[in-house]
Undergrad: 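Dumping the structure here so I can ask a few things about it.
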Amino acid sequence: MATPKEEAPVLVAFTIDFETGGLKCQTSACTQIAIHATRLDTFEKIGTYQSYIAPYNRKEIAGATKKRKVLKSKYDDEDEISMDYEQKALEYSAITMDMLESYGKPIETVAQEVIQFMQDNTPKCPRNMKPFLIGQHIAFDEGFLCQMMEYAGLMGELKKVLRGDEDFYGHWHPLYVDTITLGQLALCHLPNVNSYKLEIMCENLGIDLDDAHDADADVSATTNVAAVLTQRMRSVGGEYDGELAISKAEKSRKHFKI
């Protein structure tokens, strides 16, 4: 009697995007986060999370050494200084301080909810098939994700749910795939492509991008870019005839009734 064939584990990735108060993850604030959980065989969206993040101050994070002061104020507690909220960055994302104060959650709460969201959307699988991250210029977003988790003391929990490795200095980083790199591999042979910004790649790939520079809309577009490029890879030689899911997200501004 033949042994029943085991079903292959379902692979999941988390597409992530931050809006921030500046470009430096060491000192700039997280202002908005959006994450989509996607199963990679079909690119079906299986879960979404989004939140604004209330204004917060710098503080010493867990595990920071005296030589490497990250998010640490040189002042006493009563003189804590805010994370950076640069006006140019806020205008870029159309986020105001009033919005953050009215709709934002404490960063520690958001970090806990992000961990819970990832746990809830991770099927049982071997360690080498744990989820990884997808993003547009994701090294930027990964830095802010690590800031958030270090701030909340939850890096250990993030390591449990995502694949990743330690760098030369012993700092752990999650594994990620950058859609800019995927786009360059797929589109650099075209003579009219000279930029790999999200809006331009969406235009070249026939993907709708509404409400650009809103975290949730950018996540939808980024996931769709990955899906279209994956479809092309799977269609080499005409051997793959399946269709991958392409989603269109509602504008999150409507979600927050702004």
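For the numbers below, each heavy atom of this structure counts, side chains included, while hydrogens, waters and symmetry mates do not. Position 1 is the first residue of the sequence, and the numbers go up from there.
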Undergrad: What pair of heavy atoms forms the shortest contact from Leu198 to Gln136, and how long is it?
TA: N-NE2, 3.2 Å
Undergrad: Identify, with sequence neighbours excluded, every residue that meets side chain to side chain contact (heavy atoms under 4.5 Å, CB included) alongside Ala13.
TA: Leu40, Phe132, Ile134
Undergrad: Hey, does the side chain of Gln147 reach the backbone of Ser28 with a donor-acceptor pair shorter than 3.5 angstrom?
TA: yes
Undergrad: Quick check: closest heavy atoms across Leu229 and Ala186, and the distance to 0.1 Å?
TA: CD2-CB, 3.5 Å
Undergrad: Please list, chain by chain and in numerical order, all residues satisfying ring-ring contact (aromatic ring centres under 6.0 Å, His included) with Tyr85, sequence neighbours excluded.
TA: none
Undergrad: Mind jotting down which residue pairs meet the salt bridge (charged side-chain N to carboxylate O under 4.0 Å, His left out) criterion with at least one end in residues 27-39? Sequence neighbours excluded, please.
TA: Arg39-Asp41
Undergrad: With sequence neighbours left out, write down each residue that passes side chain to side chain contact (heavy atoms under 4.5 Å, CB included) with Asn121, or none if nothing qualifies.
TA: Phe14, Ala37, Ile46, Phe117
Undergrad: Quick one: salt bridge (charged side-chain N to carboxylate O under 4.0 Å, His left out) pairs with a partner in residues 159-178, sequence neighbours left out?
TA: Glu157-Lys160
Undergrad: Quick one: list whatever passes side chain to side chain contact (heavy atoms under 4.5 Å, CB included) with Pro191, sequence neighbours left out.
TA: none
Undergrad: Using the salt bridge (charged side-chain N to carboxylate O under 4.0 Å, His left out) rule, collect all pairs that involve residues 123-137, keeping only residues at least two apart or in two chains.
TA: none
Undergrad: Under 4.5 Å between side-chain heavy atoms, chaining through other members, with only Ile, Leu, Val, Met, Phe, Trp and Tyr counted: pull out the rest of the cluster around Leu185, sorted by chain and number.
TA: none
Undergrad: Excluding sequence neighbours, so at least two apart, what forms side chain to side chain contact (heavy atoms under 4.5 Å, CB included) with Glu108?
TA: Lys59, Pro106, Tyr151, Ala152
Undergrad: What orientation do His171 and His173 show, parallel under 30°, tilted 30 to 60°, or perpendicular over 60°?
TA: perpendicular
Undergrad: For Lys105, enumerate each residue passing the side-chain hydrogen bond (donor to acceptor under 3.5 Å, both in side chains) test, keeping only those at least two apart in sequence or located in another chain.
TA: Glu113
Undergrad: Please collect all salt bridge (charged side-chain N to carboxylate O under 4.0 Å, His left out) contacts where either partner lies in residues 82-104, sequence neighbours excluded, each pair once.
TA: Arg58-Asp84
Undergrad: Suppose the criterion is side chain to side chain donor-acceptor pair (under 3.5 Å): which pairs have a residue in residues 182-198, not counting sequence neighbours?
TA: none
Undergrad: Mark yes or no for whether Thr96, through its side chain, and Met99, through its backbone, hold a donor-acceptor pair below 3.5 Å.
TA: yes
Undergrad: Can you tell me if Thr31 uses its side chain to pair, donor with acceptor, with the backbone of Glu19 under 3.5 Å?
TA: yes
Undergrad: Side chains of Tyr52 and Ile33, heavy atoms from C-beta outward: is any pair under 4.5 Å?
TA: no
